[in-house]
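In what follows, a structure is listed as structure tokens, so that the remarks can point back to it.
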Amino acid sequence: MKIQDISVNIVFDSRACATIEAVVFDTEGNKFTGIVPAGKSTGVNEAHILDPHDARRVITETVSPAFNDKEVRSIAEIDSILLGLDGTGRKEQIGGNVMLGVSIAMVRALAFAQKKEPWEVIRAEFFSNETELRSPYIFSNLINGGAHAANNLSIQEYMVIADTKEEGVLRSIERLIAFYKELGEDIKRMYSLPRITIGDESGYAVDFDDNFAPIALLEKKIVTSEMQRAYRIALDAAASGFYKDGAYSFDGNMIDEGALKKIYDTYFDRSELLYSIEDPFEETKEDAFRSLQVSHADRVIVGDDLTTTNTATIERSAKNGAITGVIIKPNQIGTVTESCEAIRRAHELGVRTIVSHRSGETEDPILVQIAAAANAYGVKIGAPLRERVFKFNELLRIYS
Ligand code: 2PG
Ligand code: MG
């Protein structure tokens, strides 16, 4: 496939913040796009993001000329050109958002040229050992707190992990939608609310009695609706968001790391269905992650801000015993190639991979294609409402 040139549209994400859509044209006049989402609870080591207007200048002046009239054959080749144009670890020169938008659009261009789906092209290049197509667990964020909601919860996300394998993806999503709607009615009744607010990822965002109350509610609802075989519970504490000067702000108190660990211990003891906790401590406190993982070897501690989709960091944290699960967010690292390498290494180390959206999302569903290519353990895609539905729909296109 031969590239003609690359341009960019400034578009808006689900929080109405400006982001970029890279537009790649091949020499036959076909056009391919890639849109970049944005996080709010971001890790300090995430790739540098250029302001969309600067991104437009960089694409026009630097990136497009590098691809002009260029024959490209693989994702790795394209991404190595992008990485070469930047030359910095944190993508400070051309920006992680510029790289990712172009990288995604190029995957679509390659897929079109080969008359394949994006996941097939990604698989052929990075995951050729995967022979079957296994649908991922859906991590669906039904109750929002932390930076994603204006309520009293320190913990950012209360998710159900829906098993899609037994009943198939369509039936699982139908059931999840019904569960989500009923949960909203339950919360209204429980707290006598005339209406219910939702957060950035479409989960319910009301005040609760304390940070455990949403877990208790989900556990009870799963059991009463007889979904124990299909649903477990996952948290994303996103603890850097409620950490300041050595203490965590939790249930109205400032507490230290040891006290927070004890609280998580009781959560695991009180909730049989609680399976995983993402970023339980501030993002540099790897020892605390490890101590929680060691105490609960049958549960999964997940790195996100801790690991920022960086292969070397994932390897270090996994070898240290700090995590047995990891979040993969392409825009934390910058290119599709680096995201796939991170997944590949995680799988080699026996770490469960969960390919994730950002709280500021768009209509671009590439994360689902990457998850399908890799047979990732899970996809983390919010509650089944509003713009979050686009990722559910992409699952349906691939798996049903
Ligand atoms: C997270 C993400 C997505 P954000 O912390 O895992 O849920 O949030 O995109 O705001 O970083
Ligand atoms: Mg997270």
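Each ligand, and each atom within it, is numbered from 1 in the order the structure gives.
Neighbouring protein atoms of the Mg ion (ligand 2) (N, O or S, distance under 2.8 Å, waters ignored): D236 OD2, E278 OE2, D304 OD2.
For ligand 1, the 4.0 Å heavy-atom shell takes in G39, K40, S41, H148, Q156, E157, E201, D236, E278, D304, K329, H357, R358, S359, K380, ordered by chain and residue number.
We find that D265 and K262 are not joined by a salt bridge, their nearest charged nitrogen and carboxylate oxygen being 4.0 Å or further apart. Using a cut-off of 4.0 Å between Lys/Arg side-chain N and Asp/Glu carboxylate O, E278 and K380 are scored as salt-bridged. Taking a cutoff of 4.0 Å between a charged side-chain nitrogen and a carboxylate oxygen, E166 and R229 qualify as a salt bridge. In this structure, K221 pairs ionically with E182, as a charged nitrogen and a carboxylate oxygen lie closer than 4.0 Å.
With hydrogens and angles left out, the side-chain atoms of Q332 and D304 include a donor and acceptor closer than 3.5 Å. Under 3.5 Å, the side chains of T311 and E341 contain no donor-acceptor pair of N or O atoms.
The one candidate from F281, F212, F289 that meets the ring pair (Phe, Tyr, Trp, His ring centres under 6.0 Å) condition with Y264 is F281. Of the residues listed (I263, D251, L235), the one engaging N211 in a side chain to side chain contact (heavy atoms under 4.5 Å, CB included) is D251, and it is the only one.
Under the 4.5 Å side-chain criterion, counting only non-hydrogen atoms from C-beta, I398 is not in contact with V169.
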